[in-house]
Amino acid sequence: MFNQRQPRRFNIKSRLPDSRKTESKEELKAKWEEMRGHNRRKGNFLTSLPMLLVFLVFVFVLIYILNGYIN
């Protein structure tokens, strides 16, 4: 009458391989440097931060001037 439920058991297998290969710090550092070198983006002059800030200031000045014509 007062039987407690048994916990469910699942067959869970790890996705990691059974034999874990340990890599030295030098190998990891070399791989990191190789990946880091390939992912560098060459930015465009128009998308640089100073140019975007100048564009933002220009937009605010233009809004201020056009607002003066409305009033």
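Just so we're clear, the structure is a prediction, and the values are computed from it rather than from any experiment. Both backbone and side-chain heavy atoms feed into the values below; hydrogens, waters and symmetry mates do not.
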Starting at CZ of Phe55, measure out to CG of Leu62 and round the result to the nearest 0.5 Å. 9.5 Å

For Tyr69, give me all partners under side chain to side chain contact (heavy atoms under 4.5 Å, CB included), at least two apart in sequence or on another chain. Ile65, Leu66

Gap separating the NZ atom of Lys25 from the CH2 atom of Trp32, nearest 0.5 angstrom: 16.0 Å

